Amino acid sequence: MKKRLICHAAELVTCKGKGPKHGKDMAKIGLIKDGALLIEGERIADVGTTAELLQRVDLAKCEVLDASGKAVLPGFVDSHTHFLFGGYRAEEFSWRLKGDTYLSIMERGGGIHATVSATRAATEEELMESGLERLKTMLEFGVTTVEGKSGYGLDKETELRMLRAMKKLEPMQPVEIAATFLGPHSVPAEYKGREREFLDEMLEQVMPVVRAEELADFADIFTEKGVFGIEDSEYYLNRAKEMGFGLKIHADEMVTLGGAELAARVGAVSADHLLKASDAGILELAKSGVVSTLLPATAFCLGEPYARGRQMIDAGCAVALASDLNPGSCFTNSIPLLIALACIYMKLSVEEAVTALTINGAAAIGRADRIGSLEIGKQADVLILKYPSIQYLPYHTGMNLVEKVIKKGEIVLER
């Protein structure tokens, strides 16, 4: 079995844990000075200081990577994206710059429905080609695992086409994909006023095929004013849970609707967005253990106030950070931008931001038992940065500091 030793890391950040870190624990990143990491095959075999590992490892049997002057940390987990879609919506960005709101654009036929038309017209091959390019860009930013949602079909044929494309993309490149079914991303025009009928169509006609073909781990819904209300969302999520899906929810993005409380009530794995989550909702998320996935680049692009990340952590929440890459409200997957926004405007410490993008991101997709940290037995998904400390991540603002990416023990990117 191939062995690789990374040694003399100025900082080795382990983020050790098998589940999400909550509250004050988010700042505990398991930092080791002059750290070392032994990889055997696809997994981590040993972790400690360089001095400790040099006593335990036969260098003659290892490929050695000298990480002097570098920080080493787990691969980033981008736990909320819509990276597979057809078409673009650049004109809507210009409309928003002139004062149009996201909801008003949706009401005039733009927004999600514009992407639905383009995605329905795209072939599986076209979706895969553009998706592959986006996955390559993610890898350059240090993303080793990504969540990808359907939701730009709103019909059986296109939703399944999107999920099948994601399944085919995973073995074609290094980034692991955790797929989420988001059929109820919006209400088709023909179902306005009959939202429950549309949900039943998704539940009865589409989701059994998704389960049978193992196309998605999670079910998600856009719970928002003018889209799906609390009652319909709860109905859908409970039915999805009975079918064996893990639950996610787009919650309290535009208005305070009670989405955070609903996520806690139904036992969701994560509640995402949360810009307008209530004080009571934040406390419910903390008490229930639902991961609070915050998407600051979306608030930035929409010119909206940021989710209250500092308050959530102080209340005991497990906060994750994700890009929300999508063609409308947030056409970016820049991890450096995401980190800067989280630290500067949402008041997360650098340590908390790293936790939010590693072990808590992994927890938000139900994989914290095998990725998201550097510890014995876990998958060897590792980043080596250009600089000696994670403190450079927001300090060298908006710049990509990733020098090497290791996925399942193999070097898959060098810059």
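Computed from heavy atoms alone, side chains included, the values below leave out hydrogens, waters and symmetry copies. Since we're looking at a predicted model, the values are computed, not measured.
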(message) Tell me which one of M26, Q391, K28 satisfies side-chain contact (heavy atoms from CB on, under 4.5 Å) with E351.
(response) Q391
(message) Assess the residue pair R43 and E375 against the criterion (salt bridge (Lys or Arg N to Asp or Glu O under 4.0 Å)); give the C-alpha distance rounded to whole Å, side-chain angles, the decisive distance to 0.1 Å, and a yes or no.
(response) CA-CA 9 Å; R43 305 213 164 265; E375 53 189 305; over 6 Å; no
(message) Side chains of H273 and D252 only: does a donor on one sit below 3.5 Å from an acceptor on the other?
(response) no
(request) Look only at the side chain of T119 and the backbone of G153, and say whether a donor-acceptor pair between them is shorter than 3.5 Å. (result) no
(message) Would you compute the distance between atom OG1 of T293 and atom CG of L274 and round it to the nearest 0.5 angstrom?
(response) 8.0 Å
(request) Could you walk me through whether V47 and L12 pass the side chain to side chain contact (heavy atoms under 4.5 Å, CB included) test, one step at a time? (result) CA-CA 9 Å; V47 183; L12 180 74; 3.7 Å; yes
(message) Any non-hydrogen side-chain atom of L65 less than 4.5 Å from a side-chain atom of L5?
(response) no
(request) Begin with the C-alpha distance, continue with both residues' side-chain angles, and end with the deciding distance and a verdict on side chain to side chain contact (heavy atoms under 4.5 Å, CB included) for D217 and I365. (result) CA-CA 8 Å; D217 300 320; I365 56 170; over 6 Å; no
(message) Strictly distance-based, threshold 3.5 Å: is any side-chain N or O of E224 a donor or acceptor partner for the main-chain N or O of V255?
(response) yes
(message) Let me confirm one number: the OG1-CG distance from T298 to N326, rounded to the nearest 0.5 Å.
(response) 6.5 Å
(message) Looking at T397 and Y395, would you say the former's side chain and the latter's main chain have a donor-acceptor pair under 3.5 Å?
(response) yes
(message) How close do V291 and P20 get, counting heavy atoms only, and between which atoms?
(response) CG2-CB, 4.2 Å
(request) Side-chain contact test, heavy atoms from C-beta onward, threshold under 4.5 Å: evaluate it for L348 versus L321 and give yes or no. (result) yes
(request) May I ask you to check whether over 12 heavy atoms, not counting those of F331, lie within 6.0 Å of atom CZ? (result) yes
(request) Return yes if some donor-acceptor pair links the side-chain N/O of R4 with the main-chain N/O of L38 below 3.5 Å, else return no. (result) no
(message) Can you tell me if E214 has over 12 outside heavy atoms packed within less than 6.0 Å of its CD?
(response) no
(request) Establish, for the pair R194 and Y191, whether the NZ or CZ atom is under 6.0 angstrom from the six-membered ring centre and no further than 45 degrees off its axis. (result) yes
(message) Within the 4.5 Å heavy-atom criterion, are F181 and M202 side-chain neighbours or not?
(response) yes
(message) Can you give me the closest heavy-atom contact between C62 and V57, atom names plus distance?
(response) SG-CG1, 3.4 Å
(message) Tell me whether T137 contacts the main-chain N or O of E133 through its side chain, where contact means a donor paired with an acceptor under 3.5 Å.
(response) yes
(message) Is it the case that over 12 heavy atoms from other parts of the model lie below 6.0 angstrom from the CD atom of E126?
(response) yes
(request) Decide yes or no for V175 and T144: does some side-chain heavy atom of the first lie under 4.5 Å from some side-chain heavy atom of the second? (result) no
(request) Answer whether the closest heavy-atom distance between the side chains of I39 and I406 falls below 4.5 Å. (result) yes
(request) Count the heavy atoms belonging to other residues, nucleotides or ligands that lie under 6.0 Å from NZ of K16, then report whether that count exceeds 12. (result) no
(message) Counting C-beta onward and ignoring hydrogens, is there a side-chain heavy-atom pair between L383 and P74 closer than 4.5 Å?
(response) no
(message) As an exercise, state the distance from CD1 of I313 to NZ of K21, rounded to the nearest 0.5 Å.
(response) 13.0 Å
(request) State, without any angle test, whether E147 and T180 hold a side-chain donor-acceptor pair at a distance under 3.5 Å. (result) yes
(message) Whether the S323 and D78 side chains hold a donor-acceptor pair (N or O, under 3.5 Å, no angle test) is what I'd like checked.
(response) yes
(request) Find the distance between NZ (K225) and CG (L257) and round it off to the nearest 0.5 Å. (result) 9.5 Å
(request) Supply the atom-to-atom distance C317 SG to L283 CG, rounded to the nearest 0.5 angstrom. (result) 7.5 Å
(message) Tell me the closest heavy-atom pair linking I390 and A71, and the distance in Å.
(response) N-CB, 4.1 Å
(message) Pairing donors with acceptors under 3.5 angstrom, does anything connect the side chains of E176 and Q379?
(response) yes
(request) Tell me whether the guanidinium CZ or amine NZ of R211 lies under 6.0 angstrom from the six-membered ring centre of F245 and within 45° of its axis. (result) yes
(request) With side chain to side chain contact (heavy atoms under 4.5 Å, CB included) as the test, would you mind laying out the steps for M254 and L302 before giving the verdict? (result) CA-CA 11 Å; M254 303 296 176; L302 292 176; 4.0 Å; yes
(request) Determine the minimum heavy-atom distance between I230 and G259, stating which atoms define it. (result) CD1-N, 3.9 Å
(message) Whether the side chain of D369 engages the backbone of K18 through a donor-acceptor N/O pair (distance < 3.5 Å, no angle test) should be reported.
(response) no
(request) Measure the spacing between OG1 of T223 and OH of Y236 and express it to the nearest 0.5 Å. (result) 10.0 Å
(request) Starting from the C-alpha separation in whole Å, work towards a yes-or-no answer on salt bridge (Lys or Arg N to Asp or Glu O under 4.0 Å) for R164 and E213. (result) CA-CA 9 Å; R164 286 166 180 155; E213 295 186 24; 2.7 Å; yes
(request) Taking the side chain as every heavy atom from C-beta outward, state whether R310 and E352 have any pair of such atoms under 4.5 Å apart. (result) yes
(request) Indicate whether any N or O donor in one side chain lies under 3.5 Å from an N or O acceptor in the other, for D324 and H80. (result) yes
(request) Would you check if F83 and M138 make a side-chain contact, meaning some heavy-atom pair closer than 4.5 Å? (result) yes
(request) Just do the salt bridge (Lys or Arg N to Asp or Glu O under 4.0 Å) check on K407 and D381 with the steps written out, would you? (result) CA-CA 5 Å; K407 179 66 180 180; D381 296 353; 2.7 Å; yes
(request) Spell out, as yes or no, whether a donor-acceptor pair under 3.5 Å connects the side chain of E92 to the backbone of G111. (result) yes
(request) Check whether any side-chain N or O of D220 sits under 3.5 Å from a backbone N or O of H250 as a donor-acceptor pair, and report yes or no. (result) yes
(message) Please determine whether a side-chain nitrogen of the Lys or Arg among R265 and E261 lies less than 4.0 Å from a carboxylate oxygen of the Asp or Glu.
(response) no
(message) Please check if the number of heavy atoms outside E190 that lie under 6.0 Å from its CD is greater than 12.
(response) yes
(request) State whether a side-chain donor-acceptor pair under 3.5 Å links K378 with S373. (result) yes
(request) Could you pull out the closest heavy-atom pair between A216 and L163, with the gap in Å? (result) CB-CD2, 4.3 Å
(message) Hydrogens and angles aside, do R367 and T145 bring a side-chain donor and acceptor to less than 3.5 Å of each other?
(response) no
(request) Identify the residue among F85, Y152, F228 that makes a ring pair (Phe, Tyr, Trp, His ring centres under 6.0 Å) with H185. (result) Y152
(request) Measure from the side-chain N and O atoms of S389 to the backbone N and O of Y392, and report whether any donor-acceptor pair falls under 3.5 Å. (result) no
(request) With salt bridge (Lys or Arg N to Asp or Glu O under 4.0 Å) as the test, would you mind laying out the steps for E403 and R415 before giving the verdict? (result) CA-CA 5 Å; E403 191 171 84; R415 296 176 67 243; over 6 Å; no
(message) Show the nearest heavy-atom pair for residues M162 and L127, with the distance to one decimal.
(response) CG-CD1, 4.3 Å
(request) Answer yes or no: is there an ion pair linking K168 with E124, defined by an N-O contact shorter than 4.0 Å? (result) yes
(request) Output, in order, the C-alpha distance, side-chain angles, deciding distance and verdict of side chain to side chain contact (heavy atoms under 4.5 Å, CB included) for Y306 and F300. (result) CA-CA 8 Å; Y306 295 92; F300 175 74; 3.5 Å; yes
(request) Ignoring hydrogens and angles, state whether a donor on the side chain of D200 or Y235 is under 3.5 Å from an acceptor on the partner side chain. (result) yes
